[in-house]
Amino acid sequence: MSTWVNVVFIILLIYFVATKMLPTKGVEHITPDELKSKLKETKNRQFVDVRTPAEYRARHIRQFKNVPLHELSAKLNELDREKETIVICQSGMRSNQAAKILVKNGFKRVVNVRGGMNAWND
């Protein structure tokens with residue numbers, strides 16, 4: 001009996017890890033180089049940095065507004081659901097979580113920057 005419980009547990013663990021690592025449906029993933037071209041045309045775009053305020057103050061991209069991930073759900077009404085929303089964090093993990101939150105809450109075009117600020121070269 002305990003062998004079956006272990007097998008089920010391992011399968012569930014693998015499923016959980018796999019779903020966290022798979023790209024989110026409805027989210028585009030871009031490189032920092034692709035972001036540079038998007039920064040040139042900001043009219044129908046909004047840029048959201050989901051790092052902590054301290055991380056943001058230390059180094060950020062001028063066009064990005066700081067909305068820490070833990071505050072994002074409470075501040076969704078401050079963002080335009082119709083604009084392309086580009087999210088960034090330090091490594092791409094928190095911004096991927098943020099992208100999932102945005103899609104789940106009706107944002108039409110969501111873009112995650114792969115590698116985040118770690119991959120950004122001014």
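Residue indices begin at 1 and follow the sequence shown.
Taking the centre of each ring, Phe64 and His60 stay at or above the 6.0 Å mark.
Across Pro53 and Asn66, no two heavy atoms sit closer than the pair CA-OD1, 3.4 Å. The shortest heavy-atom contact between Tyr56 and Arg51 is CA-NH2, 3.6 Å. Considering all non-hydrogen atoms of both residues, Arg45 and Ile86 come closest at CD-CD1, 3.8 Å. Across all non-hydrogen atoms, the minimal contact from Gly116 to Pro32 is O-CG, 4.5 Å. Smallest separation of non-hydrogen atoms from Val103 and Gly26: CG2-O, 4.0 Å. When all heavy atoms of Lys38 and Phe47 are compared, the closest pair comes out as O-CZ, 3.8 Å.
Arg114 places no side-chain N or O within 3.5 Å of a backbone atom of Gly92 that could act as its donor or acceptor partner. Formation of a donor-acceptor pair under 3.5 Å by the Ser37 side chain with backbone atoms of Glu34 is found in this model. For Asp49 (side chain) and Val87 (main-chain N/O), no donor-acceptor pair under 3.5 Å exists by modelled atom type. With Arg81 contributing its side chain and Asn105 its backbone, the two residues share a donor-acceptor pair below 3.5 Å. Side-chain N or O atoms of Glu55 include one that pairs as donor or acceptor with a backbone N or O of Thr52 at under 3.5 Å.
Look at Glu82 and Arg109 and you find no salt bridge, because none of the NZ, NE, NH1 or NH2 atoms lies under 4.0 Å from a carboxylate O. In this structure, Lys43 does not pair ionically with Glu84, as no charged nitrogen and carboxylate oxygen lie closer than 4.0 Å.
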Exercise. Report the C-alpha distance between Leu12 and Val8 in whole Å, list the side-chain angles of each, state the deciding distance to 0.1 Å, and finish with yes or no for side chain to side chain contact (heavy atoms under 4.5 Å, CB included).
Key: CA-CA 6 Å; Leu12 288 173; Val8 170; 4.0 Å; yes
Quiz prompt | Step-by-step side chain to side chain contact (heavy atoms under 4.5 Å, CB included) determination, Phe107 to Lys83 | solution = CA-CA 8 Å; Phe107 283 74; Lys83 285 186 176 182; over 6 Å; no
Quiz prompt | side chain to side chain contact (heavy atoms under 4.5 Å, CB included) evaluation trace for Met117 with Gln90 | solution = CA-CA 5 Å; Met117 290 300 292; Gln90 194 62 39; 3.9 Å; yes
Quiz prompt | Stepwise side chain to side chain contact (heavy atoms under 4.5 Å, CB included) check, Ile61 with Leu39 | solution = CA-CA 9 Å; Ile61 301 168; Leu39 289 169; 3.9 Å; yes
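The CD atom of Gln46 lies 11.0 Å from the CD atom of Glu78; values are rounded to the nearest 0.5 Å. Taken from CZ in Arg94 to CG in Leu72, the straight-line distance is 12.5 Å, to the nearest 0.5 Å. To the nearest 0.5 Å, atoms OG (Ser95) and CG (Leu102) are separated by 10.5 Å. Between the CD atom in Gln63 and the CD1 atom in Ile88 there is a gap of 11.0 Å [rounded to 0.5 Å]. Going from atom CE of Met93 over to atom CG of Asn112 covers 10.5 Å, rounded to the nearest 0.5 Å.
For the pair Val111/His29, no side-chain contact is recorded, criterion being any heavy-atom separation below 4.5 Å from C-beta on.
A side chain to side chain contact (heavy atoms under 4.5 Å, CB included) with Asp33 is found for one member of Leu35, Thr31, Ile30 and no other, namely Thr31.
Remark: the Ser91 side chain and the Asn118 side chain contain no N/O donor-acceptor pair separated by less than 3.5 Å.
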